[in-house]
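Just below is one structure, and these are the notes that go with it.
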Amino acid sequence: MRYFYKLNCFLYRREVQRVKDADQERALACYQRQKDTVYKLAWTYCGDKCRAEDIFQEVFYKYLIYNPKFKSPEHEKVWFIRTTINLPL
């Protein structure tokens, strides 16, 4: 199990490095805005701390990979909510 965690961390770091400097600031700001919502929603849906942390990490990993552009803060929040809800399924 620990091997997969290390592999996941490695892949996560590699993808973060691909993000441009300007996008890193935008991604960090988005993370700060959405982290509580994503974690609470993941915890509510799965009821397990470890699974909620996995979902939390996967949602932000998808954000970094797809790098979506949002029209408004509401659109951003809805994207994170829908992505979080769809992951446990």
Side-chain angles (χ1 to χ4, degrees):
M1 192 70 158
R2 191 146 181 84
Y3 170 76
F4 291 113
Y5 177 75
K6 288 181 180 180
L7 178 63
N8 199 13
C9 289
F10 170 76
L11 293 174
Y12 180 76
R13 278 191 229 115
R14 193 173 78 191
E15 290 302 322
V16 169
Q17 288 173 355
R18 286 183 15 172
V19 179
K20 296 177 186 168
D21 289 339
D23 286 341
Q24 283 181 349
E25 290 178 20
R26 185 176 67 84
L28 183 59
C30 184
Y31 171 80
Q32 292 297 328
R33 283 190 304 271
Q34 302 300 333
K35 67 181 179 178
D36 292 333
T37 302
V38 171
Y39 185 76
K40 288 176 186 176
L41 191 58
W43 175 270
T44 302
Y45 265 77
C46 68
D48 177 33
K49 180 182 177 188
C50 292
R51 182 68 180 130
E53 290 171 355
D54 289 342
I55 292 169
F56 178 84
Q57 185 175 6
E58 186 68 25
V59 168
F60 284 100
Y61 180 76
K62 285 185 178 219
Y63 174 75
L64 290 175
I65 296 296
Y66 298 123
N67 198 13
K69 306 293 187 230
F70 302 111
K71 297 176 185 175
S72 67
E74 292 81 18
H75 183 230
E76 174 185 286
K77 186 170 185 171
V78 169
W79 186 90
F80 277 96
I81 290 172
R82 291 305 319 164
T83 304
T84 303
I85 289 172
N86 290 337
L87 274 177
L89 300 177

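Residues forming a side chain to side chain donor-acceptor pair (under 3.5 Å) with Glu76 (at least two apart in sequence, or on another chain): Arg33, Gln34. Not a single side-chain contact (heavy atoms from CB on, under 4.5 Å) links Pro73 to another residue, sequence neighbours left out.
A 4.5 Å side-chain heavy-atom check between Arg82 and Val78 finds at least one atom pair inside the cut-off.
Between Phe80 and Tyr63, the distance separating the two ring centers is shorter than 6.0 angstrom.
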Would you give me the side-chain donor-acceptor pairs under 3.5 Å for residues 35-48, sequence neighbours excluded?
residue	atom	partner	partner atom	Å
Lys35	NZ	Gln32	OE1	3.4
Thr44	OG1	Lys40	O	2.7
Asp48	OD2	Arg51	N	3.4

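Here the CD1-CZ distance, from Ile65 to Phe60, works out to 14.0 Å after rounding to the nearest 0.5 Å. Going from atom CD1 of Ile55 over to atom SG of Cys50 covers 11.5 Å, rounded to the nearest 0.5 Å. One distance of note links OG1 of Thr84 with NZ of Lys62; it measures 10.0 Å at 0.5 Å rounding.
The nearest pair of heavy atoms linking Arg26 to Lys69 is NH2-NZ, 3.3 Å.
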